[in-house]
Every structure is written in structure tokens, then in C-alpha cells.
Asker: 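The structure under discussion is supplied below as C-alpha cells; questions concerning it will follow.
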Amino acid sequence: MRRLDQITLKQLRALDAVAREGAINRAAEALGLTPPAVHNQLKQLEDLMRCTLFDRSRAEGFELTGEGRALLLAHREGRSALERSIHHIDALAAGLAGSVVLGVVSTAKYFAPSIVARLKKDLPDVRVRLDVGNRAETLASLSERRFDLCIMGRPPRMPPVIAEPIGAHPHLIVAAPDHPLARATRIRPAELLDQTFILREPGSGTRILAARYLDETGEGREAEVLEMNSNETIKQAVISGLGIAMLSGHTVFEELRTGRLVALRCPGLPLTRQWYLVERREQTLSRAAEKVRDWMLGHRDSLLPRMELLPNNPGARDRP
């Protein structure tokens with residue numbers, strides 16, 4: 001029988017480092033150890049597990065076996081649980097009822113701080129910590145149980161989650177106020193496809209929506225595309241006149257309000273999706289996390305910026 005009580009955190013950290021770095025020498029450097037020490041920890045771990053954790057035959061570096069991936073996921077989930085418990089203990093030591101880690105995809109960072117500020121006012125005995133990442137990072141953290149709760153636009157199929165809608169999520173095509181299409185009341189597909197589109201990286205929810213919209217609008221014609229990996233960079237590029245972009249309305253709320261960007265009157269826009277509050281289905285929430293979840297669901301009608309209050313309200317356009 002595999003001896004669970006003999007597995008050490010040092011061995012698991014070595015497993016994690018080699019998986020991350022792809023080589024023992026680089027893992028040793030990251031851990032501040034010698035390569036023989038890391039090799040020895042991996043060998044001890046494989047002996048205890050009675051299986052091979054890495055495929056060492058690949059010229060480009062070590063690759064986890066199926067057994068190695070299973071053990072690494074368990075280690076990361078356990079580490080995340082310990083981190084959450086430390087946050088909770090610190091909150092208890094400060095005289096609070098507990099702490100909650102709220103994960104948010106990067107597009108939600110424009111309104112998530114205001115939610116946390118309201119939570120601090122209405123639930124002063126709960127400490128809420130924000131963890132922001134792109135979609136891939138957020139899904140990885142959700143899989144590793146780093147969050148108690150999470151705000152995202154597209155709930156994943158795996159891991160299994162409970163997802164509750166908390167508000168509309170409109171997507172718009174925006175341009176600089178002096179763009180030739182900025183004042184157009186009707187924009188034909190051909191005019192739109194003549195523009196340079198600035199898109200997020202592949203895998204981004206916004207990128208997927210934009211690609212679908214362009215495919216349907218262009219009927220097979222491709223637009224010129226520039227790729228950038230952050231909403232802030234894309235907004236600055238659009239403001240500078242480098243191109244136009246489809247972005248979440250909440251991402252560009254302030255720029256639309258102040259007139260630094262305008263929403264184009266494009267066919268079929270805005271595309272409206274939903275924001276969701278997500279929790280792992282099999283993860284038991286702490287009492288503090290339950291209070292935060294219940295508060296957010298009870299206030300879902302007022303959590304998000306109101307797009308209809310903007311000048312030239314982009315959410316109320318007549319559809320062609």
C-alpha cells in the first residue's frame with residue numbers, strides 16, 4: 001500500500017517545480033536546491049507512489065505522466081486549501097468571522113472592486129480578497145480550488161460548478177470619437193470589414209464572441225486583425241486610432257462615459273451575455289463564503305454599472 005504519511009511537502013514541491021520548469025536543473029534553481037537533491041526527492045516520491053511520475057524520454061524536457069498529473073493536481077488543491085485556511089485564520093485573529101477569496105476574470109476587474117467595497121460596508125465581519133486573472137488562469141485556479149467564489153462570463157463544463165446569473169454582460173464595438181464610422185447611424189457589413197480589428201488572445205471569451213460576430217457579419221470575408229493580450233492595451237490602441245475593437249461594455253464604461261471612446265452602431269449589437277457567480281459544485285463553502293454568496297445574489301440587480309445611464313446609450317440601439 002502506498003504510504004501517504006511518508007509523503008513530504010518538499011517532495012511535492014519538487015514535483016511541482018519540475019512540472020513547471022520542465023527540467024531538474026531549472027527546478028533546482030527555482031527552489032534554491034542542488035539538482036541531486038531535487039532528483040532524490042522525486043525518486044523518493046516515485047518509490048512511495050510505486051509509479052513513474054515523469055516521462056524522461058522526451059528530448060525537450062520532463063513531461064508528467066497521467067499519475068504525475070493526478071498527484072500534482074492533488075498537491076495544488078491541497079496547497080490552495082491551506083492558503084485559504086491561512087487567510088481565514090488571519091481574519092479570525094483580526095476579530096472577523098472569516099475570509100473569502102473571490103476570483104474574477106480580468107474583464108470583471110472594472111466593477112469587482114466596487115462590489116468588494118460594498119461587501120466591506122454591509123458585511124464588516126468578512127474579509128474579501130480579490131484574485132484577478134485571464135480566463136485560462138481563472139479556470140486553472142478554479143480547478144485547484146484557490147477560490148471560494150468566482151465571477152466569470154462563461155461557466156466551465158469542468159470542473160463541475162454551480163453558476164448563478166448576476167447581471168447582463170453587453171459587448172460592443174468601440175472606436176475613437178474621431179473615427180470615420182463614429183457618427184454613422186447605420187454601418188454596413190462591408191464598411192465594418194474594411195476596418196482593422198484589435199482582438200484579445202485566442203481563448204479569451206471576448207475573442208471568441210468577436211470571431212463569431214465577424215464570421216457571421218463578413219459571410220466568409222476576413223478582417224485585418226491585430227492581437228493584444230490585455231483590455232487596457234486594446235483600449236489605448238483604439239483611442240490612438242490604431243483600429244476598432246469588440247470589448248465588454250463594462251470594460252469601456254468609463255471611456256464611453258467620458259467620450260474617449262464611442263460605441264459604433266453596428267448590425268446586431270450589443271451582443272448581450274451574462275455574468276455569473278460560480279462555485280465548485282462539490283466544494284463546501286465556509287459560513288463567511290455563504291454570507292458573501294447570499295449577499296451578492298440578493299443584490300444582483302445593482303451589482304453592475306448601468307449601461308443605460310451612458311450618453312447615447314449603446315444598450316438601447318435600434319436593431320437593423
Side-chain angles (χ1 to χ4, degrees), residues 104-112 114 132 134-135 152-154 167-218 221-275 304-320:
V104 298
V105 293
S106 54
T107 306
K109 70 183 181 182
Y110 297 94
F111 60 78
S114 67
V132 181
N134 63 30
R135 180 172 174 82
M152 60 172 48
R154 286 186 298 128
H169 186 192
H171 289 76
L172 317 162
I173 292 180
V174 295
D178 59 352
H179 190 277
L181 297 180
R183 296 183 179 276
T185 56
R186 298 285 183 179
I187 297 174
R188 293 180 290 107
E191 293 177 300
L192 198 59
L193 272 293
D194 284 340
Q195 308 304 314
T196 298
F197 275 82
I198 307 172
L199 302 180
R200 285 288 301 270
E201 73 280 1
S204 158
T206 307
R207 171 68 174 262
I208 292 170
L209 273 182
R212 288 176 181 169
Y213 178 80
L214 290 175
D215 284 344
E216 293 173 0
T217 302
R221 178 184 167 190
E222 294 187 0
E224 181 182 351
V225 169
L226 293 177
E227 185 177 301
M228 298 183 181
N229 63 2
S230 79
N231 291 325
E232 288 303 314
T233 306
I234 291 176
K235 287 194 291 185
Q236 292 305 315
V238 173
I239 290 170
S240 299
L242 194 56
I244 63 177
M246 177 176 282
L247 290 170
S248 159
H250 294 126
T251 296
V252 294
F253 184 88
E254 281 302 311
E255 287 79 7
L256 292 174
R257 185 182 67 81
T258 58
R260 297 176 68 206
L261 288 173
V262 296
L264 299 184
R265 298 176 183 271
C266 299
L269 294 186
L271 294 175
T272 302
R273 299 296 185 263
Q274 287 287 321
W275 284 111
L304 307 179
R306 297 175 60 185
M307 301 298 294
E308 68 270 19
L309 298 182
L310 291 173
N312 303 316
N313 170 18
R317 299 264 167 80
D318 292 330
R319 304 298 174 90

Asker: Atom CD1 of Ile198 and atom CE of Met246: how far apart are they, to the nearest 0.5 Å?
Answerer: 14.0 Å
Asker: Let me confirm one number: the OG1-CG distance from Thr233 to Leu226, rounded to the nearest 0.5 Å.
Answerer: 12.5 Å
Asker: I need the minimum non-hydrogen distance between Ile208 and Gly203, along with the two atoms involved.
Answerer: CD1-O, 4.2 Å
Asker: Please enumerate all residues that pass salt bridge (Lys or Arg N to Asp or Glu O under 4.0 Å) together with Asp194, with sequence neighbours excluded.
Answerer: Arg221
Asker: With sequence neighbours excluded, tell me which residues meet salt bridge (Lys or Arg N to Asp or Glu O under 4.0 Å) with Arg273.
Answerer: none
Asker: For residues Leu192 and Phe197, report the shortest heavy-atom separation together with the two atoms involved.
Answerer: O-CE1, 3.4 Å
Asker: Quick one: list whatever passes ring pair (Phe, Tyr, Trp, His ring centres under 6.0 Å) with Tyr213, sequence neighbours left out.
Answerer: none
Asker: Quick one: closest heavy-atom pair of Val262 and Ala176, and the distance?
Answerer: CG2-O, 3.9 Å
Asker: Evaluate Thr196 against Leu242 for side chain to side chain contact (heavy atoms under 4.5 Å, CB included), listing each step before the verdict.
Answerer: CA-CA 8 Å; Thr196 298; Leu242 194 56; over 6 Å; no
Asker: In Å, rounded to the nearest 0.5 Å, how long is the span from OG1 of Thr206 to CZ of Arg154?
Answerer: 9.0 Å
Asker: Nearest 0.5 Å please: distance from the CG atom of Leu264 over to the CD1 atom of Ile244.
Answerer: 5.5 Å
Asker: Quick one: pull up CG in Leu181 and SG in Cys266 and give me the separation to the nearest 0.5 Å.
Answerer: 7.5 Å
Asker: Looking at every heavy atom in both Val252 and Val174, which two are closest together, and how far apart are they?
Answerer: CG2-CG1, 4.1 Å
Asker: Please name the pair of heavy atoms, one in Leu304 and one in Gly167, separated by the smallest distance, quoted to 0.1 Å.
Answerer: CD1-CA, 3.6 Å
Asker: How close do Leu172 and Ala263 get, heavy atom to heavy atom, and via which atoms?
Answerer: CD1-CB, 4.3 Å
Asker: Enter the distance from Glu201:CD to Met228:CE here, rounded to the nearest 0.5 Å.
Answerer: 12.5 Å
Asker: List the residues meeting salt bridge (Lys or Arg N to Asp or Glu O under 4.0 Å) with Glu232, not counting sequence neighbours, and say none if there are none.
Answerer: Lys235
Asker: Begin with the C-alpha distance, continue with both residues' side-chain angles, and end with the deciding distance and a verdict on side chain to side chain contact (heavy atoms under 4.5 Å, CB included) for Arg200 and Ser106.
Answerer: CA-CA 12 Å; Arg200 285 288 301 270; Ser106 54; 3.9 Å; yes
Asker: Glu227: which residues meet the salt bridge (Lys or Arg N to Asp or Glu O under 4.0 Å) condition with it, sequence neighbours left out?
Answerer: Arg207
Asker: Answer whether the closest heavy-atom distance between the side chains of Gln236 and Arg260 falls below 4.5 Å.
Answerer: yes
Asker: What pairs of residues pass the side chain to side chain donor-acceptor pair (under 3.5 Å) test when at least one of them lies in residues 237-253, not counting sequence neighbours?
Answerer: His169-Ser248, His250-Trp275
